[in-house]
Chemist: 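Attaching a single structure in structure tokens format; questions to follow.
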Amino acid sequence: MDEKIKYEIEFPITSSPQLLYQYISTPSGLSEWFADNVNSRGEFFTFIWNDSEEKARLSSKKTGEKVKFRWVDDNNKDGEYFFEMKILVDEITKDVSLLVTDFALQNDVEESKQLWENQISDLKHVLGSV
């Protein structure tokens, strides 16, 4: 199987870190922009898009700052890949941005980044941060 490579992409967002955190860390928040539907049972989140379903474990979080989801297999065993969303606040300007860390196959990185662009655009719309 081809190795996926890690990449990071940063998005400026006009929002308070507290409000933004609600949208990246809760099933109801995530289902408003990230997936068609998101369910959670304990630390396990199920992301549903059209006919596909992916399961991830909330492997770490720091309230108000970041969440990290690790993809799991059908037996809830941790996979190799994860995605992380980290809220960054500039100490001087107080500008807020969201740093996304994800993995994609070498040939799919640009397409994957474009997908994040579209999803973050939806997030900004939900936040009223257009």
Side-chain angles (χ1 to χ4, degrees):
M1 193 168 93
D2 289 336
E3 250 337 87
K4 291 185 176 183
I5 59 168
K6 182 177 174 178
Y7 67 90
E8 291 184 338
I9 184 168
E10 188 173 333
F11 302 95
I13 295 186
T14 309
S15 169
S16 74
Q18 296 80 9
L19 180 62
L20 181 54
Y21 184 75
Q22 293 304 311
Y23 281 95
I24 67 170
S25 65
T26 64
S28 60
L30 286 161
S31 63
E32 294 227 17
W33 67 277
F34 184 72
D36 297 333
N37 197 5
V38 180
N39 300 314
S40 72
R41 283 215 169 89
E43 63 183 358
F44 292 99
F45 283 61
T46 304
F47 299 96
I48 301 160
W49 295 274
N50 296 326
D51 299 331
S52 87
E53 205 172 277
E54 295 289 334
K55 201 168 180 187
R57 183 174 64 81
L58 181 58
S59 63
S60 70
K61 70 177 180 179
K62 193 166 184 184
T63 303
E65 288 185 32
K66 70 174 187 168
V67 290
K68 181 177 184 179
F69 291 95
R70 185 166 293 278
W71 298 111
V72 296
D73 65 17
D74 293 337
N75 300 318
N76 292 338
K77 296 271 185 269
D78 284 0
E80 194 177 340
Y81 302 109
F82 65 87
F83 69 98
E84 181 179 66
M85 293 179 279
K86 191 181 295 184
I87 299 169
L88 305 175
V89 180
D90 185 288
E91 288 188 23
I92 297 168
T93 64
K94 300 297 180 209
D95 288 344
V96 175
S97 58
L98 189 64
L99 179 66
V100 173
T101 304
D102 200 359
F103 291 82
L105 295 172
Q106 181 75 48
N107 296 343
D108 297 337
V109 171
E110 286 311 310
E111 186 181 330
S112 187
K113 285 182 177 181
Q114 187 62 53
L115 183 61
W116 274 108
E117 296 265 356
N118 293 339
Q119 288 178 299
I120 297 297
S121 174
D122 291 347
L123 172 61
K124 289 179 175 181
H125 185 75
V126 168
L127 287 166
S129 159
V130 189

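Computed from a predicted structure; not experimentally measured. Counting begins at 1 with the first residue of the sequence. Just the heavy atoms: all of them, side chains too, but no hydrogens, waters or symmetry mates, feed the values below.
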Chemist: Would you mind reporting whether Ile87 and Leu98 have side-chain heavy atoms less than 4.5 Å apart?
Modeler: yes
Chemist: Which atom names give the shortest non-hydrogen contact between Leu99 and Glu10, and what distance separates them?
Modeler: CD1-CB, 4.0 Å
Chemist: Please report the shortest heavy-atom distance between Val89 and Pro17, naming the atom on each side.
Modeler: CG2-CG, 3.6 Å
Chemist: Can you tell me how far CG of Leu127 sits from CD of Gln22, rounded to the nearest 0.5 angstrom?
Modeler: 11.0 Å
Chemist: Find the distance between CD (Glu84) and NZ (Lys61) and round it off to the nearest 0.5 Å.
Modeler: 14.0 Å
Chemist: Kindly indicate whether the side chain of Phe11, heavy atoms from C-beta on, has any atom under 4.5 Å from the side chain of Gln119.
Modeler: no
Chemist: State, yes or no, whether a side-chain contact exists between Leu105 and Lys4 at a heavy-atom distance under 4.5 Å.
Modeler: yes
Chemist: If I take atom CG from residue Asn37 and atom CG from residue Leu30, how far apart are they, to the nearest 0.5 angstrom?
Modeler: 11.0 Å
Chemist: Are Phe69 and Phe34 an aromatic pair, judged by ring center distance below 6.0 Å?
Modeler: no
Chemist: Has Asn39 got a side-chain atom pairing as donor or acceptor with Thr46's backbone, closer than 3.5 angstrom?
Modeler: no
Chemist: Does any donor atom in the side chain of Ser15 or Tyr23 lie under 3.5 Å from an acceptor atom in the other side chain?
Modeler: no
Chemist: Hey, are the side chains of Asn76 and Lys55 touching, using non-hydrogen atoms and a 4.5 Å cut-off?
Modeler: yes
Chemist: Look up atom CG in Leu88 and atom NZ in Lys66, then write down how far apart they are to the nearest 0.5 Å.
Modeler: 11.0 Å
Chemist: Hydrophobic clustering (ILVMFWY, side-chain heavy atoms < 4.5 Å, transitive) - are Val72 and Phe47 grouped together?
Modeler: no
Chemist: Is the side chain of Arg70 donor-acceptor paired with the backbone N or O of Glu80 at a distance under 3.5 Å, no angle test?
Modeler: yes
Chemist: Would you say the ring centroid of Phe45 lies under 6.0 angstrom from that of Trp71?
Modeler: no
Chemist: Honestly curious: do Leu123 and Trp49 fall in one hydrophobic cluster under the side-chain, below-4.5 Å linking rule?
Modeler: yes
Chemist: Once you round to the nearest 0.5 Å, how far does CZ of Phe82 lie from NZ of Lys6?
Modeler: 4.5 Å
Chemist: Roughly how far apart are Ser97 OG and Ile9 CD1, rounded to 0.5 Å?
Modeler: 12.0 Å
Chemist: Any sub-3.5 Å donor-acceptor pair from Ser59's side-chain atoms to Lys68's backbone N or O?
Modeler: yes
Chemist: If only atom types and distance count, is the side chain of Ser31 paired as donor or acceptor with the main-chain N or O of Pro27 below 3.5 Å?
Modeler: yes
Chemist: Linking I/L/V/M/F/W/Y whenever any side-chain heavy atoms sit under 4.5 Å apart, do Tyr7 and Ile5 land together?
Modeler: yes
Chemist: Same cluster or not: are Ile48 and Leu58 linked, directly or through other Ile, Leu, Val, Met, Phe, Trp or Tyr residues, by side-chain heavy atoms under 4.5 angstrom apart?
Modeler: no
Chemist: Check whether any side-chain heavy atom of Ile120 sits under 4.5 Å from a side-chain heavy atom of Ile13, and report yes or no.
Modeler: yes
Chemist: What is the ring orientation for Trp33 with Trp116, classed by angle as parallel under 30°, tilted 30 to 60°, or perpendicular over 60°?
Modeler: tilted
Chemist: For the pair Asn75 (side chain) and Lys77 (backbone), establish whether a donor and an acceptor sit closer than 3.5 Å, ignoring hydrogens and angles.
Modeler: no
Chemist: Do Phe83 and Leu115 sit in one hydrophobic cluster, given that two such residues count as connected whenever their side-chain heavy atoms are within less than 4.5 Å of each other, even indirectly?
Modeler: no
